[in-house]
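Quick note on labels: first sequence line is chain A, next is B, and so on, each numbered from 1.
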Protein chains: 2
Amino acid sequence: MTTTEPRRKRMPKAQRKAQMLDIAEQVFAERGYLATSMDEIAERVGVSKPMLYEYFGSKEGLLIGCIHRARTELLDRTQQAVTGADGPEDVLREGLLAFFEFIGEHKQAWSLLRQEAAITVPSAVEEIEGIRRQQTDLIAAVIAAFDTDMDPTEAEAFAEIVVGSTERLALWCERRPDVGPAQATTYVMEVVWRGVATRLTPDQHP
Amino acid sequence: MTTTEPRRKRMPKAQRKAQMLDIAEQVFAERGYLATSMDEIAERVGVSKPMLYEYFGSKEGLLIGCIHRARTELLDRTQQAVTGADGPEDVLREGLLAFFEFIGEHKQAWSLLRQEAAITVPSAVEEIEGIRRQQTDLIAAVIAAFDTDMDPTEAEAFAEIVVGSTERLALWCERRPDVGPAQATTYVMEVVWRGVATRLTPDQHP
DNA sequence: GCAGGTAACTTACTTCGAGTAACCTACTGG
DNA sequence: CCAGTAGGTTACTCGAAGTAAGTTACCTGC
């Protein structure tokens with residue numbers, strides 16, 4: 001009754017690894033990190049537990065793998081979105097829009113990112129925080145480009161504010177399905193861009 | 001050699017419970033939720049594990065107890081700070097300052113709050129989110145008081161932006177010990193208050 | 001000051017899941 | 001068709017969450 005082998009066994013390493021990440025992302029997002037067992041992921045992948053350990057070392061390692069991939073994709077998306085944008089305001093708007101669109105399309109990757117707090121190994125925390133920093137650095141750079149005189153610390157603070165606002169608003173959007181990416185972007189821009197623009201425009205903004 | 005009994009045994013329930021919360025808060029903050037064992041907390045309290053289960057039901061229940069207490073204290077503090085403030089701008093500033101001061105003084109309660117993501121039981125998530133909502137509602141009310149014509153959804157979004165900015169900036173402050181509560185408040189106010197004020201002032205602001 | 005009731009507490013388990021050692025097998029090129 | 005290895009499995013250990021059943025300090029009335 002097995003017509004052409006329903007599911008292949010013995011995949012090449014890279015492909016198996018990607019498949020594991022797909023399933024783990026899904027299960028972690030569904031159930032939460034704690035409530036998920038390695039046995040369950042293994043079963044859904046169609047493989048035995050030691051394979052997961054072979055490729056990811058530990059449960060936390062697997063979570064880190066998932067988060068790493070998701071954050072990297074997110075960063076790529078926003079970076080792509082801002083290339084070709086016209087001026088700092090546009091960069092910010094396009095970046096925000098790309099972010100809200102991404103998390104709208106990849107809800108499970110997004111709920112995964114909220115499991116970050118579960119990571120305890122310090123080196124891993126830094127690794128994840130490093131990718132996050134790339135995001136804030138990107139924004140800080142936008143500000144710095146806009147106003148070369150701005151205190152770098154202040155630019156950093158501003159970037160943190162943008163990221164914080166945006167992540168929190170994304171969470172809020174889940175409870176408000178009527179608020180889409182465009183609307184969310186508008187909310188952030190209205191407050192945050194006006195905030196910085198007011199501060200700077202008096203002698204600039206041709 | 002035991003002069004007047006170094007540590008008393010058999011405390012009244014309420015007192016023991018409070019002591020458990022104190023210790024659990026400390027250990028969870030130190031090691032993280034996952035890396036902490038109930039046996040360890042029990043030992044530090046000077047009591048056996050089933051007592052913890054007697055009072056808190058589960059490990060997660062204990063964490064929820066800690067978070068609940070910490071968020072409630074935080075909310076009280078900010079609420080106290082804003083009573084007697086003069087006008088919305090002042091309310092916001094005093095509230096922010098109280099927040100940053102609180103987390104500066106209670107670093108361990110604050111790192112505890114970041115373990116929220118570990119909670120999996122849906123009812124508990126809602127309970128915690130409920131307290132958080134009180135915070136955002138407080139802010140949304142400030143905005144609504146300032147501009148009675150504002151769309152309520154927009155006021156909510158604004159409140160989320162304030163909370164998100166603030167929490168993220170608080171995290172950032174940990175890596176930047178040179179940035180104190182006053183400075184952090186200024187950063188948030190500069191962006192966020194200007195953001196909303198600009199939007200509203202054209203026809204108001206006597 | 002001593003019965004006895006109960007609130008506070010303990011010992012000694014069960015269970016479940018992370019992590020691992022040791023062994024196995026399908027596919028590859030020669 | 002044989003051998004080497006990448007990909008895979010079975011069957012365990014061990015630590016920590018959670019629990020059943022029993023024990024002891026303390027108070028209260030007599």
Under the side chain to side chain donor-acceptor pair (under 3.5 Å) rule, collect the residues that match up with [X], sequence neighbours excluded.
{"X": "A:Glu127", "answer": "A:His68"}
{"X": "A:Gln134", "answer": "none"}
{"X": "B:Arg93", "answer": "none"}
{"X": "A:Glu174", "answer": "A:Trp110, A:Arg114"}

- Heavy-atom contact window of chain A on DNA chain D, given 5' to 3' at under 4.0 Å: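 Under 4.0 Å from chain A, the extent on DNA chain D is D:dA6 to D:dT10.
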Who passes ring-ring contact (aromatic ring centres under 6.0 Å, His included) against [X], sequence neighbours left out?
{"X": "A:Phe28", "answer": "A:Tyr33"}
{"X": "A:Tyr53", "answer": "none"}
{"X": "B:Phe102", "answer": "B:His106"}

- Task: Without swapping roles, check the side chain of B:Glu60 against the backbone of B:Val121 for a donor-acceptor pair under 3.5 Å.
- Result: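 The answer is yes, because a donor-acceptor pair under 3.5 Å joins these two groups.
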- Query: Can you pull the side-chain hydrogen bond (donor to acceptor under 3.5 Å, both in side chains) pairs that have at least one residue in residues 77-88 of chain A, sequence neighbours excluded?
  - Reply: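 Every side-chain hydrogen bond (donor to acceptor under 3.5 Å, both in side chains) pair that includes a residue of residues 77-88 of chain A, provided the two are not neighbours, is A:Arg77-A:Glu105, A:Thr78-A:Gln135.
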- Message: Tell me which residues in residues 23-42 of chain B lie within less than 4.0 Å of DNA chain D, going by non-hydrogen atoms.
- Response: B:Thr36, B:Ser37, B:Met38
- Message: So, OP1 or OP2 of C:dG19: does either fall under 4.0 Å of a side-chain N or O from A:Tyr53?
- Response: yes
Check: protein-nucleotides 3-10 of chain C nitrogen or oxygen pairs below 3.5 Å:
unit_1 : atom_1 : unit_2  : atom_2 : d
C:dA8  : OP1    : B:Lys13 : N      : 3.0
C:dA8  : N3     : B:Arg10 : NH2    : 2.6
C:dC9  : OP1    : B:Arg10 : N      : 2.7
C:dC9  : OP1    : B:Met11 : N      : 3.0
C:dC9  : OP1    : B:Arg16 : NH2    : 2.8
C:dC9  : OP2    : B:Arg16 : NE     : 3.3
C:dT10 : OP2    : B:Ser48 : N      : 2.6
C:dT10 : OP2    : B:Ser48 : OG     : 2.8

Show me, pair by pair, the donor-acceptor contacts under 3.5 angstrom made by side chains of residues 176-183 of chain A, not counting sequence neighbours?
unit_1   : atom_1 : unit_2   : atom_2 : d
A:Arg176 : NH1    : B:Glu156 : OE1    : 3.2
A:Arg176 : NH1    : B:Glu156 : OE2    : 3.1
A:Arg176 : NH2    : B:Thr153 : OG1    : 3.3

